[in-house]
Amino acid sequence: MSNKPIVGITMGDASGVGPEIIVKSLQSKHVYEQSNPIVIGDAKMLKRAAELLNTELAIKEVDENSDFTTKFGEIACYDLDLLPQDLPFGEVSSEAGNAAFEYLRTAIELANNGRIDAICTAPLNKEALHKGGHIYPGHTEILAELTGTKDFSMMLSSPKLKVIHVTTHVGLIDAINMINPERVYKVIRLAHETLTNAGVDQPKIGVCGINPHAGENGLFGYGEEEEKIIPAIDRATEEGLNVEGPLPADTLFFRAQRGDFDIVLAMYHDQGHGPIKVLGLEAGVNITVGLPIIRTSVDHGTAFDIAGTGKADERSMLEALRQAIELAPEK
């Protein structure tokens, strides 16, 4: 049995670019030198993507009784066989949404049983997920519920910038209402523990304000920084964590990518996602922290507009695989 980590790659919504970016990524010999990749999805969708991309990679079907050791030149697929061969590209469908959920559920089950060491997810479509009967905002919340995790957060990672979120997939008014000192403190701790586990000594954590100029001493907003953020920073600082804030988001992100901070705490979805995506979609990776399972993901959507054209860029998937391999527990 190989000592290389086994990474389960979930196919996501097969109407999108997931199968294409998986096949493109698994044309890289380096992935196999560092890991044993297992795709959890539909073998027929992988075969369709391989034909579309004119690659000679063989698709090998595996099941729960298989040895999950893989070799370059063939793609091992844990085949759930949920989708029709003629599933349309670029269309929202309940079948694809349900399948995307089942791929992830199966991956979590395999991880819980010790069969795989990390999960790397291709994108799903939230509308299709809901049409398929699974009412979740996205991957992160499914992973948290199915692993019984209460304290978790989405972290976006790129070569120049890491961002962790206090709130994510909720409207802006709801996000501000949800922010409180306990939640901010818990995310500061998650940021500290995640980077410490990755080998960063006393990571420098920059915390965004909510309002423009972080409220500017009460000039903007209604004292949200003083009420919701500062007590958490004070508590973390008293415990010896290296935390600074609340700081104006417009300058904090610049300072962080310059190297002044190891990670930024964003208060809401767009505050954190915007700067990462400006640096390049191909470089960003989505990591769920706080889970008992290592999970990384591409930082882009299903790209229905280019699905089936072969134009999808696999670099975010390759980076997500690299980080899953790096974070996977040693055997």
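Since we're looking at a predicted model, the values are computed, not measured. Position 1 is the first residue of the sequence; numbering continues from there.
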What one should report as the nearest heavy-atom pair of L52 and T309 is CD2-N, 4.3 Å
Walk me through whether M11 and I40 qualify under side chain to side chain contact (heavy atoms under 4.5 Å, CB included). CA-CA 6 Å; M11 191 179 287; I40 300 158; over 6 Å; no
Are L195 and I164 connected in a single hydrophobic cluster, I mean Ile/Leu/Val/Met/Phe/Trp/Tyr linked by side-chain heavy atoms less than 4.5 Å apart? yes
Side-chain heavy atoms nearer than 4.5 Å, only ILVMFWY residues, links allowed to pass through others: does that put I230 and I176 together? no
Can you name the nearest heavy-atom pair linking D313 to I21, along with the distance? O-CG2, 3.7 Å
More than 12 foreign heavy atoms under 6.0 Å from CG of D201: is that the case here? no
Distance (rounded to the nearest 0.5 Å) between S35 OG and K4 NZ: 7.0 Å
Mind checking salt bridge (Lys or Arg N to Asp or Glu O under 4.0 Å) for E145 and listing every partner two or more places apart, or none if nothing turns up? none
For E95, enumerate each residue passing the salt bridge (Lys or Arg N to Asp or Glu O under 4.0 Å) test, keeping only those at least two apart in sequence or located in another chain. none
Just to verify, what does R105 make a side-chain hydrogen bond (donor to acceptor under 3.5 Å, both in side chains) with, not counting sequence neighbours? E102, E109
Between S158 (side chain) and L161 (backbone), is there a donor-acceptor pair under 3.5 Å? yes
Applying salt bridge (Lys or Arg N to Asp or Glu O under 4.0 Å) to D262 and not counting sequence neighbours gives K204
Is there a side-chain contact between Y268 and V166, using heavy atoms and a 4.5 Å cut-off? no
Does atom CD1 of I173 have more than 12 heavy-atom neighbours from other groups under 6.0 Å away? no
Is there a donor-acceptor pair closer than 3.5 Å between any side-chain N or O of T251 and the backbone N or O of P248? yes
Taking atom CD of E74 and atom NZ of K60, what is their separation to the nearest 0.5 Å? 5.0 Å
Taking the side chain as every heavy atom from C-beta outward, state whether H134 and N98 have any atom pair closer than 4.5 Å. yes
After noting the C-alpha distance and the side-chain angles of V184 and I179, does the key distance pass the side chain to side chain contact (heavy atoms under 4.5 Å, CB included) rule? CA-CA 7 Å; V184 174; I179 298 166; 3.8 Å; yes
Quick check: does any side chain N or O of Q85 sit under 3.5 Å from a backbone N or O of M45, one acting as donor and the other as acceptor? no
I would like to know whether I287 and K162 meet side chain to side chain contact (heavy atoms under 4.5 Å, CB included); could you show each step before the answer? CA-CA 10 Å; I287 303 170; K162 286 182 171 59; over 6 Å; no
Spacing of I276 atom CD1 and Q257 atom CD [to the nearest 0.5 Å]: 10.5 Å
Determine, for R322 against E326, whether the closest basic-nitrogen to carboxylate-oxygen distance falls under 4.0 angstrom. yes
A328 to A118 - nearest heavy-atom pair and separation: CB-CB, 4.3 Å
Heavy atoms, side chains only, cut-off 4.5 Å: are M317 and I22 in contact? yes
Side-chain (S94) to main-chain (G132) donor-acceptor, under 3.5 angstrom: no
Nearest heavy-atom pair of F220 and P212: which atoms, and what distance? CD1-O, 3.4 Å
Starting at OG of S28, measure out to CD of Q34 and round the result to the nearest 0.5 Å. 9.5 Å
Over all atoms of both residues, closest heavy-atom pair of S297 and R295: CB-NH2, 3.2 Å
N54, CG: over 12 other non-hydrogen atoms inside 6.0 angstrom: no
Distance under 6.0 Å and angle within 45° of the ring axis: does R115 meet both against F68? yes
State yes or no: do L83 and F89 share one hydrophobic cluster built from I, L, V, M, F, W and Y residues joined by side-chain heavy-atom distances below 4.5 Å, directly or via other members? no
Between V7 and C120 the two heavy atoms that sit nearest each other are CG1-CB, 4.0 Å
Any pair counted as side-chain hydrogen bond (donor to acceptor under 3.5 Å, both in side chains), so long as it reaches residues 213-224, sequence neighbours left out: N211-E224
Taking side chain as C-beta onward, heavy atoms only, is H169 less than 4.5 Å from H269? yes
Using a 4.5 Å cut-off on heavy atoms from C-beta on, say whether the side chain of K131 contacts that of V92. yes
Is it true that, when you exclude E56 itself, more than 12 heavy atoms of the residues, nucleotides or ligands shown sit nearer than 6.0 Å to its CD? no
Distance under 6.0 Å and angle within 45° of ring axis: R258 vs F253: no
To the closest 0.5 Å, what do you measure between CG (N242) and CD1 (I188)? 11.5 Å
Ignoring hydrogens and angles, tell me if any N or O in the side chain of E20 forms a donor-acceptor pair with the backbone of A49 under 3.5 Å. no
Qualifying residue, where the test is side chain to side chain donor-acceptor pair (under 3.5 Å) with K44 and the options are D86, D79, D81: D81
Would a hydrophobic clustering, with Ile, Leu, Val, Met, Phe, Trp and Tyr connected at side-chain separations under 4.5 Å, put F304 with I306? no
Set of residues satisfying salt bridge (Lys or Arg N to Asp or Glu O under 4.0 Å) with respect to R189, sequence neighbours excluded: E193, E239
With a 4.5 Å heavy-atom cut-off, do L26 and I9 have their side chains touching? yes
Taking the side chain as C-beta and beyond, is there a heavy-atom pair between I6 and I38 under 4.5 Å? yes
Which value, rounded to the nearest 0.5 Å, describes the distance between L156 atom CG and D299 atom CG? 5.0 Å
Check: A312 main-chain N/O paired with K24 side-chain donor or acceptor under 3.5 Å: yes
Quick one about T237 and D234 (side-chain donor to acceptor, distance below 3.5 Å, no hydrogens or angles considered), yes or no? no
Does the side chain of T106 come within less than 4.5 Å of Y78's, by heavy atoms? yes
Main-chain N/O of T140 paired with T288 side-chain donor or acceptor, under 3.5 Å: no
Is it true that L247 and Y185 fall in one hydrophobic cluster, defined by side-chain heavy atoms closer than 4.5 Å? no
List the steps and the verdict of side chain to side chain contact (heavy atoms under 4.5 Å, CB included) for I108 and T147. CA-CA 8 Å; I108 293 167; T147 59; 4.0 Å; yes
